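Structure record follows, encoded as structure tokens.
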Amino acid sequence: MLTTTALALSTLALRVSAEVKMANHRRPGLADTPPLGWNSWNKFGCDISQDTILDAAKVIADSGLQAVGYEYVIIDDCWHADERDKNTSAPLAHPERFSKGIKYIADEVHKLGLKFGIYSSAGTHTCAGRFASLGYEEIDAKTYAEWDVDYLKYDNCYNEGQSGTPEASFKRYNKMSKALKKTGRPIVYALCNWGEDGPWNWAPTISETWRISGDVWDSFDTVDDYCPCETMIDCKMSGFHCSVSKIIEFSASLGQKAGPGHWNDMDMLEVGNGGQTYDEYATHFSMWALAKSPLILGHDLTAMTNETYEIVTNKAIIAVNQDKLGKPAQRRWKRKIEGGGTLQMWSGQLDNGDTVVALVNLSPRNLSVAVDIADMFDAPERDAKTKTYEFFDLWERADENDLQSWGRSVGVHQNSFSAPVQLRSHQTKVFRAHPINLSSNPDLVPQQVVFKTNSDN
Ligand code: GAL
């Protein structure tokens, strides 16, 4: 009996150590924080050339985007020639649109101090019907490494039915993970299987990021049957045309699966593509940042408006995304609003002991929201009641004359906010709460607060 138990225990220990080994995919220095960059797909689709990519790279370097952290310049689908090299089977770039070859683009991007990404699919063809990597993983990974690629987005089209169970998907995607590692070049592996087969449960063992849903589109909350699921847990049809509000909903339960070196990818940003208002795009950007999604710009950088620039260079919001603790914010509550939509509170811990708090108005009404500080924490009794916080509104500037001074103090508060927070329809307010030690600040008189939620129209 004892022997059987001992045997069972040692088998268990072996299994656990194998799992631990598997879980130890993390490659320090690669996606320690969510990748920031630009990708050609959302704006340009297949209408790309080397100029499209290099023009975008130049704007990143010259406009201040690189200075706030944007780093990866990624060519999506359609960089391909009609077929692979007939003799070696190596991938080839389109001879006219990319006449100087992919290595040339990578070199130019690197000269600007940026990193370079490319796209393929774990299928026979890419989603736009170009040749893809299923069965060609080794030659493709080797070629990407020779081209000095730093990031691979790896899609799911034409997968020959090798999906439908986590095992099938894992096996197919693991082939490219292994091939990339074999090259010896540190290439961020961005898995894009649209949340099929629950990648958050197995992708962390083989990749740095994984898409959680069907494709985003430039709409705040349009309901579209092409994106049919209400949650991605056990969703059997990821689809596409997923609105920003829907992807926020999908991400809410998945934050627990992410951390340094492994991130939920909510898809590329639509900010700047024209289909949403300032408040909607700021909500989109804020929630992608708080959920620790990669922030991959998807608009035409060469025709960027001041408003778009202002949103995507908000350093205080980017700092939340890039916080080195790497803990996605959690949704603390979600309330239905009469007339449709919801009001939500999200919050998360930051590395220096601050807490980030978002009030998210996904309803068509303007709202007046009372804030209970205790709601911000897992253990309110321990964390909130004894503490006093100075709150900074990260979408307001400390100095109106300094456009980059994001984060205006809105006072010192204990227990709750002293006045309800006003939120426009589809607006998100993001606060950074910094704990204050009252004994070393005897002059500070915290404002006491009231808590209730009213809609004012
Ligand atoms: C989709 C993918 C998009 C884009 C497109 C290219 O499957 O989710 O982000 O890469 O393919 O054809």
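Both counts, for ligands and for their atoms, begin at 1 and track the order of listing. Computed from a prediction, not measured in an experiment: that's the story for all the values here.
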Lys/Arg N to Asp/Glu carboxylate O, [X] vs [Y], below 4.0 Å:
X: Glu137; Y: Lys182; value: no
X: Asp279; Y: Lys429; value: no
X: Asp107; Y: Lys103; value: yes
X: Arg211; Y: Asp215; value: yes

Name the closest protein heavy atom to [atom], giving the residue it belongs to and the distance to 0.1 Å.
atom: atom 3 (C) of ligand 1; result: Asp215 OD2, 3.4 Å
atom: atom 5 (C) of ligand 1; result: Trp41 CE2, 3.6 Å
atom: atom 12 (O) of ligand 1; result: Asp77 OD2, 2.8 Å
atom: atom 9 (O) of ligand 1; result: Lys153 NZ, 2.7 Å
atom: atom 11 (O) of ligand 1; result: Asp155 OD2, 2.8 Å

Which atoms of ligand 1 sit under 4.0 Å from any heavy atom of [X]?
X: Met268; answer: 9 (O)
X: Cys192; answer: 8 (O)
X: Arg211; answer: 8 (O), 9 (O)
X: Trp194; answer: 7 (O), 8 (O)

Tightest non-hydrogen contact, residues Pro34 and Gln322, listed as O-NE2, 2.7 Å

Within the 4.0 Å heavy-atom cut-off, what Phe240 brings close to ligand 1 is neither

Looking at Asn156, Asp76, Ile74, Asp265, the heavy atom closest to atom 4 (C) of ligand 1 belongs to Asp76

Return each pair, listed once, that meets ring pair (Phe, Tyr, Trp, His ring centres under 6.0 Å) where at least one residue sits in residues 211-243; pairs must be two or more places apart or across chains.
Trp217-His241, Phe220-His426, Tyr226-Phe240, Tyr226-His241

Not counting sequence neighbours, list each pair that qualifies as a ring pair (Phe, Tyr, Trp, His ring centres under 6.0 Å) and has a residue in residues 79-100.
Trp79-Trp147, His80-Phe131

Mind telling me whether Trp202 and Tyr173 have parallel, tilted or perpendicular rings, with 30° and 60° as the class edges?
tilted

